[in-house]
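A short worksheet on the structure shown next.
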Protein chains: 2
Amino acid sequence: MKIGELAAKTGVATRLLRYYEEVGILHPFRSPNGYRAYGEPAIDRVLQIRELLEAGLTTDMIREVLPCLEAAKEEAVTDCPAAADLDGLRQQLSGIERRIDVLQRNRDAIKRYLRAWEEAGPTVD
Amino acid sequence: MKIGELAAKTGVATRLLRYYEEVGILHPFRSPNGYRAYGEPAIDRVLQIRELLEAGLTTDMIREVLPCLEAAKEEAVTDCPAAADLDGLRQQLSGIERRIDVLQRNRDAIKRYLRAWEEAGPTVD
DNA sequence: CTAAACGTTGCCATTAATGTGAAGGTCAAG
DNA sequence: CTTGACCTTCACATTAATGGCAACGTTTAG
């Protein structure tokens, strides 16, 4: 499919689809006329990219983890696209785990706060 | 304490301490000479800010949750600094929860991938 | 008193992610 | 063949977080 179609199906601006290619996290083919050509899997890939960006990852991090996230969907790890960098992957993993920890701790604090507030002042009106 | 001291104790550049003030997440007093003056609690606050920034939150989000995170440390919620915006707080909370979900899902996928890879190719060498 | 060290404000630079528009090529419909 | 919709690249603009410098005031040590 062409870029406009992918944009429509994912809700992501064509500008960004080109940007994701530029930073190496999306790899369309090219039609003979020079148009970008995307396969069906590109849809999921773009949605995955958006999800990760919205969760606060950078395109650099995404470039490292994305190949493995897609491979993880297959039954067996036949080939290792990130074979080059299992170590970088482990680092990304621990970075993500740190983030989760921080977010969980703070989520809990906010919840405690809200709960206390709801108990103390149900006279919110 | 003065800005340089706080910078030394937190490892955060003075430039950033001024920036955090500019965006409203740090509120030093002023000494008669115009110097910023920070109390002891500023140390924790700055570290907290760094933690949240590194976890991918923006200063906008931090501005909303920080008062409550500090209040949550007290025994009781005497006064509500964010009384104005319990609703914004709930939104931040659900945003954070979404992030945690995304990160957990992807952390799990990466772990699966790494585990599979380690089982398949212990001949890493 | 003077120099060094530190503070102030202000402004300009950078990187990442994103928006926007110009100038021109391609293609399908009339 | 022309028009309109879509594509291409190029380039400049913006926002957030950060770095750096300049010009100038303050404080401290010699």
Side-chain angles (χ1 to χ4, degrees), chain A residues 1-39 42-43 45-66 92 95-96 98-99 102-103, chain B residues 1-39 42-43 45-66 92 95-96 98-99 102-103:
Chain A
M1 81 192 92
K2 290 185 290 183
I3 200 172
E5 201 179 337
L6 181 58
K9 287 188 185 171
T10 58
V12 175
T14 61
R15 173 66 177 89
L16 287 186
L17 297 177
R18 298 195 185 99
Y19 175 66
Y20 298 155
E21 179 182 4
E22 188 186 325
V23 298
I25 59 187
L26 199 54
H27 312 288
F29 324 42
R30 291 297 178 133
S31 301
N33 56 7
Y35 286 17
R36 289 170 180 81
Y38 302 86
I43 300 177
R45 189 171 175 110
V46 168
L47 294 178
Q48 171 86 341
I49 290 172
R50 288 306 314 170
E51 188 178 69
L52 292 172
L53 279 173
E54 273 151 33
L57 298 217
T58 66
T59 54
D60 282 350
M61 303 173 70
I62 295 174
R63 193 181 320 107
E64 288 204 73
V65 303
L66 200 45
Q92 294 303 324
I96 289 174
R98 265 200 314 280
R99 275 171 191 245
V102 170
L103 293 181
Chain B
M1 80 192 92
K2 290 185 291 182
I3 199 171
E5 201 179 338
L6 180 58
K9 287 190 185 170
T10 58
V12 175
T14 61
R15 174 66 178 85
L16 286 185
L17 297 177
R18 297 196 185 99
Y19 175 66
Y20 297 154
E21 179 181 5
E22 189 185 327
V23 298
I25 60 187
L26 198 55
H27 312 287
F29 325 35
R30 293 296 179 134
S31 301
N33 55 6
Y35 286 16
R36 289 169 180 81
Y38 302 86
I43 299 176
R45 188 170 175 112
V46 168
L47 294 178
Q48 171 88 352
I49 289 172
R50 288 308 312 169
E51 189 177 68
L52 293 172
L53 280 172
E54 273 151 33
L57 298 217
T58 65
T59 54
D60 282 349
M61 302 173 70
I62 294 173
R63 192 181 322 107
E64 288 205 74
V65 302
L66 201 45
Q92 294 303 324
I96 289 174
R98 266 200 313 281
R99 275 170 190 246
V102 170
L103 293 180

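So you know, we letter chains A, B, ... as the sequences are listed, proteins then strands, and number each from 1.
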Tabulate atom names and distances for all N/O pairs under 3.5 angstrom spanning the protein and nucleotides 10-14 of chain D.
none

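- Listed nucleotides: C/dT8, D/dT18, D/dT8. Nearest to the side chain of B/Arg50: D/dT18.
- Counting to the nearest Å, the C1' atom of D/dC6 and the CD atom of A/Glu5 are 12 Å from each other.
- Look at CZ on A/Arg63: it is 12 Å from C1' on C/dA16, rounded to the nearest Å.
- Here the CG atom belonging to A/Leu52 is positioned 9.5 Å from the CD atom belonging to A/Glu54, to the nearest 0.5 angstrom.
- The OG1 atom of A/Thr58 sits 9.0 Å away from atom CD of A/Glu64, with the distance rounded to the nearest 0.5 Å.
- Protein atom CD1 of B/Ile49 is 16 Å distant from nucleotide atom P of D/dA16, rounded to whole Å.
- Counting heavy atoms from C-beta on, the side chains of A/His27 and A/Glu21 never come closer than 4.5 Å.
- Of the residues A/Thr59, A/Val65, A/Asp60, A/Val46, the one that meets the side chain to side chain contact (heavy atoms under 4.5 Å, CB included) test with A/Ile25 is A/Thr59.
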| Under the 3.5 Å Watson-Crick or G-U criterion, the dot-bracket string of DNA chain C, with | for inter-strand pairs | ||||||||||||||||||||||||||||||

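- Looking at B/Arg45, its side chain never comes within 3.5 Å of a backbone N or O of B/Leu26 through a donor-acceptor pair.
- Annotation: the span from A/Leu66 atom CG to A/Leu57 atom CG amounts to 10.5 Å, rounded to 0.5 Å.
- For A/Tyr20, the side chain to side chain donor-acceptor pair (under 3.5 Å) criterion is met by A/Arg50, not counting sequence neighbours.
- Not a single side chain to side chain donor-acceptor pair (under 3.5 Å) links B/Asn33 to another residue, sequence neighbours left out.
- The separation between A/Ile3 atom CD1 and D/dA5 atom P is 19 Å, rounded to whole Å.
- For A/Leu16 and A/Tyr35, each mapped to the nucleotide of DNA chain C holding its nearest heavy atom, the one lying further toward the 5' end belongs to A/Leu16.
- Within residues 52-60 of chain A, the residues having any heavy atom under 4.0 Å from DNA chain C are, by residue number, A/Leu53, A/Thr58, A/Thr59.
- Remark: A/Arg18, A/Arg30 in residues 17-33 of chain A come within less than 4.0 Å of DNA chain D through at least one heavy atom.
- Side chains of A/Gln48 and A/Glu51 form a contact here, defined as non-hydrogen atoms less than 4.5 Å apart.
- Going from atom CE of B/Met1 over to atom NZ of B/Lys9 covers 4.5 Å, rounded to the nearest 0.5 Å.
- With contacts defined as side-chain heavy-atom distances shorter than 4.5 Å, the pair A/Arg36/A/Lys2 does not qualify.
- Rounding to the nearest 0.5 Å gives a distance of 8.5 Å between CG of A/Leu17 and CD1 of A/Ile49.
- Under a 4.0 Å N-O distance rule, the pair B/Glu22/B/Arg18 does not qualify as a salt bridge.
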